[in-house]
Each structure stands twice: as structure tokens, then as C-alpha cells.
Engineer: 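This is the structure I want to talk about, given as C-alpha cells.
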Amino acid sequence: MAVLSVALSLPLGAQSYKVTGKAPAGVGRVYMRNMESRTSDSVDVARGTFVFEGDAGGKMLAHVYTEGGSLVPVVLDGTVTVDLEALTATGTVENDSLTARNKDLAVHADNLTRILAPYHELRKAGQEVPDSLMQEIERKYEEQMTLISAKVKDCCTRNPQALFPAYFLMKQASQMQKGDVLAIVDAQPAFMKLSYTARLRQAAEGWRRQMEGAPFTDVEMADSTGTMRHLSEFVGKGKYVLVDFWASWCGPCRAEMPAVKAAYEKYREKGFDIVGLSLDNDRKAWLGAIRRMGLSWHHLSDLKGWDSVGARTYGVNSIPETLLIGPDGRIVASGLRGEELEKKLAEIFR
């Protein structure tokens with residue numbers, strides 16, 4: 001009930017706050033950046049302490065930090081005490097909860113750093129990373145990411161009347177199961193009403209268009225000659241079509257292309273096709289990558305990067321990403337890559 005009473009006391013359009021804090025020795029200035037409005041403020045440190053006061057105007061999440069120092073997340077919901085040495089924000093139910101969860105998840109962040117250390121050490125020394133070590137690193141990394149996702153999901157489902165879960169959800173959503181995120185969005189918790197989560201709400205609507213059995217949603221973009229084309233010209237015409245979201249600047253996308261090319265060569269005569277939807281901004285780079293990698297399927301792009309109509313329509317916030325669409329124009333699967341793509345196509349065309 002404590003969290004509920006705090007959340008219900010927050011006006012939608014305004015919120016006075018006072019952030020007082022302790023700065024590390026030798027620090028003369030402290031900064032605060034609002035995560036929602038993207039505005040920044042700074043104050044001088046006097047005798048080791050600092051104070052920020054103002055009206056959040058409904059923009060409730062911020063970072064407090066020193067130049068070159070760690071960020072301390074805060075909820076601007078009243079009187080908050082920040083310790084930039086202990087990296088804590090306390091004094092309200094929201095901030096006490098935020099700090100506790102942040103410390104819990106920091107353990108996994110430290111684990112990720114240790115897991116990746118051998119990789120970075122070898123690369124720094126100019127050495128190749130053995131496949132066996134890379135596989136072990138990837139396995140351990142995925143284990144930690146799964147644990148983080150589970151804890152963020154638990155945080156969101158246990159605190160529907162709070163605001164602080166937004167901080168963790170926005171950091172982790174792209175690594176979580178889409179179904180889990182959609183369930184959180186559909187529950188309409190208080191933190192999903194923040195402007196901070198607006199982009200995730202928009203992405204969630206796109207993710208619904210990726211769900212198995214959903215009819216594909218048409219988009220219009222230019223092909224490699226500059227001619228405007230519709231996705232519907234290639235999809236729903238009796239073939240299985242892989243819609244591949246990629247970009248020339250995306251290293252993992254380029255690394256994935258040999259597997260995509262192999263699938264295309266193996267199954268194109270059996271009724272398989274590909275449409276590449278590029279998130280490039282630079283036409284020359286886009287066409288150059290197509291030519292260099294020998295990508296002989298259909299290609300579309302509006303050269304708007306992450307603001308691409310394709311990305312916005314389907315809620316794509318990380319690449320490479322794929323959609324497999326059936327002959328009837330309905331989604332068969334999403335997120336198929338490498339062995340998973342080959343396995344699915346072998347099942348379809350057996």
C-alpha cells in the first residue's frame with residue numbers, strides 16, 4: 001500500500017522535488033540529466049554537498065552524476081538524498097526501491113564484465129579468440145542476460161503502481177522475450193504511462209505485428225534504383241519470404257549474411273524469397289554493401305536509419321532481425337538466424 005499511496009499522490013503534469021546529496025572529495029560541480037525531457041542542470045558543490053530543486057513537470061526519471069563519474073538514477077518525487085560515493089538515492093519509497101533493485105542487478109553487470117574480460121584481453125593483445133572460448137563466453141553471457149531479464153520482469157509485475165521499474169525495463173526490454181514485454185505493457189502499470197516508456201509502447205505495437213499468425217503489415221520504401229515499392233509486391237504471393245532488417249554499418253548483420261545467402265541459394269528454387277529492409281542512412285554505403293556481399297535478393301530502404309518506416313511499423317529496435325512470412329501473407333516466425341533459420345526452412349521444404 002505504501003507504493004500505491006506514493007504513486008497516487010503524483011500529479012500527472014507537475015511534481016516538486018528537492019535532491020540533496022553528498023559529493024566525492026574534490027568534486028566542485030554535480031550534474032543532473034532528466035531521462036524523459038533530456039534536459040540537463042548543474043550546481044556547485046558547497047562543503048561537500050549539493051542541492052537540486054525544481055518541478056519535474058511530470059518528467060520523473062533523472063540521473064545525478066559527476067563529470068567522469070557513475071550515474072545514480074533517481075525518481076523526482078519529493079525529497080531525495082543522493083550519495084555519489086555509495087551510488088544511492090534514498091528518502092522515498094520510489095527511490096529506496098530503485099536503489100535496492102539497482103544494487104541487485106549490479107551484481108549481474110559485474111558478472112558480465114568478468115565473463116567478457118578474456119575476450120577483451122585477447123583482442124587487445126591482437127590475438128584471435130578460440131572458438132571454444134567464444135562459445136563458453138556466449139553461453140555464460142546468455143545465462144546472465146536471462147537472469148537479468150527474469151529479475152526485470154519480476155520487478156515490473158510486482159510494482160504496477162510504481163514508476164521506478166521503467167528505468168530497468170527500458171534498459172532490458174530489447175533482451176527480453178517479446179511476449180513478456182507485451183504482457184507488461186498490456187497490464188497498463190503506472191510506469192508505462194511515463195513519456196520515458198513511450199518508445200517502448202510504440203515498439204510493442206510493432207511487436208504485435210510480428211506475432212505468429214498475424215497478417216503482415218504493408219510498408220512502402222524505395223528499392224535500390226530509387227523506385228518506390230510496396231512490401232506487398234513480394235509478400236503473400238505464394239512464397240515463403242524472409243524479411244531481413246539490417247544495415248551496412250551493422251557488424252552482426254554482415255556476419256549473419258553468409259548464412260542468409262546459403263539459405264537463399266538452397267531454397268529459392270523451392271519457393272523461398274528474401275526482402276532486405278535496410279536501416280541505412282547513406283545510400284552509397286547501402287548499395288556498396290549489397291554489391292560487395294553479393295546479396296542478390298530484393299532490397300528496400302527509405303534511408304532513415306532507426307526512423308525507417310519498416311523499423312517503426314514492426315517495432316524493430318535491434319538488428320539483425322527477421323520475419324518469416326508464409327505464402328498466405330501471415331507471420332510464420334520472427335527472430336530466425338543462422339541454424340534456426342536453416343532448421344525452419346528445412347522443416348518447411350522437406
Side-chain angles (χ1 to χ4, degrees), residues 35-36 61 71 73 75 97-113 115-116 137-214 243-246 250 252-253 256 279 306 310-324 331-341 344:
M35 300 182 212
E36 299 186 66
L61 294 169
L71 304 173
V75 180
S97 301
L98 173 60
T99 293
R101 286 282 183 169
N102 204 27
K103 284 190 171 183
D104 181 39
L105 290 170
V107 173
H108 298 288
D110 291 341
N111 289 341
L112 289 174
T113 299
I115 289 167
L116 293 172
I137 289 173
E138 290 175 352
R139 182 186 66 79
K140 291 181 177 179
Y141 187 90
E142 287 301 319
E143 285 179 354
Q144 290 298 311
M145 293 304 291
T146 298
L147 289 172
I148 293 171
S149 292
K151 287 189 174 183
V152 171
K153 176 184 175 182
D154 178 74
C155 175
C156 292
T157 55
R158 285 179 180 271
N159 299 279
Q161 300 296 336
L163 303 181
F164 76 90
Y167 175 71
F168 303 110
L169 181 61
M170 291 302 290
K171 291 177 67 175
Q172 190 65 20
S174 64
Q175 302 296 323
M176 296 170 67
Q177 294 292 322
K178 289 184 174 65
D180 289 342
V181 178
L182 287 174
I184 292 169
V185 173
D186 289 344
Q188 298 185 354
F191 55 84
M192 285 308 304
K193 296 178 175 65
L194 295 171
S195 62
Y196 187 56
T197 55
R199 185 170 182 175
L200 181 58
R201 293 196 299 272
Q202 181 183 30
E205 291 307 307
W207 292 351
R208 295 183 204 285
R209 300 185 182 105
Q210 298 186 30
M211 302 305 286
E212 184 177 343
V243 179
D244 183 22
F245 297 87
W246 73 293
C250 170
C253 299
E256 188 72 15
L279 274 62
W306 289 109
R312 287 189 286 106
T313 298
Y314 286 100
V316 173
N317 53 15
S318 64
I319 52 176
E321 179 62 276
T322 61
L323 287 176
L324 183 61
I331 307 300
V332 174
S334 63
L336 295 175
R337 296 170 58 183
E339 293 181 2
E340 291 182 346
L341 175 61
K344 189 65 177 181

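All of these numbers come straight from a predicted model, not from anything done at the bench. This chain uses plain numbering: 1 for the first residue, then up along the sequence.
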Engineer: Regarding Glu36 and Ser195, is there a side-chain donor-to-acceptor distance under 3.5 Å anywhere?
Structural biologist: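 Indeed, the side chains of Glu36 and Ser195 share at least one donor-acceptor pair under 3.5 Å.
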
Engineer: side-chain contact (heavy atoms from CB on, under 4.5 Å) between Leu163 and Leu61: does it pass, once the steps are laid out?
Structural biologist: CA-CA 8 Å; Leu163 303 181; Leu61 294 169; 5.5 Å; no

Engineer: Which distance, rounded to the nearest 0.5 Å, do you find between the CD of Glu142 and the CD1 of Ile137?
Structural biologist: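 Here the rounded value is 12.5 Å.
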
Engineer: Kindly say whether Cys155 contributes a backbone atom to a donor-acceptor pair with the side chain of Asn159 at under 3.5 angstrom?
Structural biologist: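 Checking the backbone N and O of Cys155 against the side chain of Asn159, a donor-acceptor pair under 3.5 Å is found.
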
Engineer: Does some side-chain heavy atom of Met192 sit less than 4.5 Å from a side-chain heavy atom of Cys156?
Structural biologist: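 They are not in contact (no side-chain heavy atoms under 4.5 Å apart), so the answer is no.
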
Engineer: Starting at OG of Ser334, measure out to CE of Met211 and round the result to the nearest 0.5 Å.
Structural biologist: 7.5 Å

Engineer: Could you tell me if the side chain of Leu323 sits less than 4.5 Å from the side chain of Gln210, heavy atoms only?
Structural biologist: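 Yes, their side chains come closer than 4.5 Å.
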
Engineer: So, do Phe191 and Val75 sit near enough that their side-chain heavy atoms are less than 4.5 Å apart?
Structural biologist: no

Engineer: To the nearest 0.5 Å, what is the distance between CE (Met35) and CG (Leu194)?
Structural biologist: 11.0 Å

Engineer: In terms of heavy-atom contacts, does CD of Glu143 have more than 12 from other residues, nucleotides or ligands at under 6.0 Å?
Structural biologist: yes

Engineer: Are any of the side-chain heavy atoms of Val181 and Leu200 separated by less than 4.5 Å?
Structural biologist: yes

Engineer: So do the side chains of Lys140 and Asn111 get within less than 4.5 Å of each other, counting heavy atoms only?
Structural biologist: no

Engineer: With Thr197, which of Lys193, Arg201, Arg199 fulfils side chain to side chain donor-acceptor pair (under 3.5 Å)?
Structural biologist: Arg201

Engineer: Restricting to non-hydrogen atoms, name the atom on Asn317 and the atom on Trp306 that form the minimum distance, rounded to 0.1 Å.
Structural biologist: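 Smallest interatomic distance, heavy atoms only, reads C-CZ3, 3.6 Å.
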
Engineer: Looking at Lys178, I want to see if its NZ is surrounded by more than 12 non-hydrogen atoms of other residues, nucleotides or ligands under 6.0 Å.
Structural biologist: yes

Engineer: Of the non-hydrogen atoms in Trp207 and Gly315, which two are nearest, and what is the gap between them?
Structural biologist: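 Scanning both residues completely, I find the closest heavy atoms to be NE1-O, 2.6 Å.
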
Engineer: Ala190 and Ala162: which non-hydrogen atoms are nearest, and at how many Å?
Structural biologist: CB-O, 3.7 Å

Engineer: Mark yes or no for whether Arg101, through its side chain, and Pro165, through its backbone, hold a donor-acceptor pair below 3.5 Å.
Structural biologist: no

Engineer: Which atoms form the tightest heavy-atom contact between Gln175 and Ser149, and what is the distance?
Structural biologist: O-OG, 3.7 Å

Engineer: Grab the two heavy atoms, one from Tyr196 and one from Tyr167, that are nearest each other, plus how far apart they are.
Structural biologist: CE2-CA, 4.0 Å

Engineer: Going through the distances and angles, do His108 and Lys151 end up as a side-chain contact (heavy atoms from CB on, under 4.5 Å)?
Structural biologist: CA-CA 10 Å; His108 298 288; Lys151 287 189 174 183; 3.0 Å; yes

Engineer: Are the side chain of Glu256 and the backbone of Gly338 linked by a donor-acceptor contact shorter than 3.5 Å?
Structural biologist: yes

Engineer: Which distance, rounded to the nearest 0.5 Å, do you find between the NZ of Lys103 and the CG of Leu98?
Structural biologist: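 Reported to 0.5 Å precision, the distance equals 11.5 Å.
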
Engineer: Kindly compute the distance separating OG1 (Thr322) from CG (Asp244), expressed to the nearest 0.5 Å.
Structural biologist: 7.0 Å

Engineer: Taking the side chain as every heavy atom from C-beta outward, state whether Lys344 and Val332 have any atom pair closer than 4.5 Å.
Structural biologist: yes

Engineer: Do Thr99 and Phe164 come close enough that some side-chain heavy atom pair is under 4.5 Å?
Structural biologist: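 Side chain of Thr99 against side chain of Phe164, heavy atoms only: no contact under 4.5 Å found.
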
Engineer: With side-chain contact (heavy atoms from CB on, under 4.5 Å) as the test, would you mind laying out the steps for Gln172 and Met145 before giving the verdict?
Structural biologist: CA-CA 9 Å; Gln172 190 65 20; Met145 293 304 291; 3.4 Å; yes

Engineer: How close do Ile319 and Cys250 get, heavy atom to heavy atom, and via which atoms?
Structural biologist: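 Of all heavy-atom pairs spanning Ile319 and Cys250, the closest is O-SG, 3.7 Å.
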
Engineer: Has the side chain of Trp246 got a donor or acceptor atom that lies under 3.5 Å from a matching backbone atom of Cys253?
Structural biologist: no

Engineer: When you compare the side chain of Asp186 with that of Arg208, does any pair of heavy atoms fall below 4.5 Å?
Structural biologist: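 The answer is yes; the side chains approach within 4.5 Å.
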
Engineer: Would you compute the distance between atom CG of Asp110 and atom CD1 of Ile115 and round it to the nearest 0.5 angstrom?
Structural biologist: 11.0 Å

Engineer: Can you check side-chain contact (heavy atoms from CB on, under 4.5 Å) on Arg209 and Ile331, steps first, answer last?
Structural biologist: CA-CA 8 Å; Arg209 300 185 182 105; Ile331 307 300; over 6 Å; no

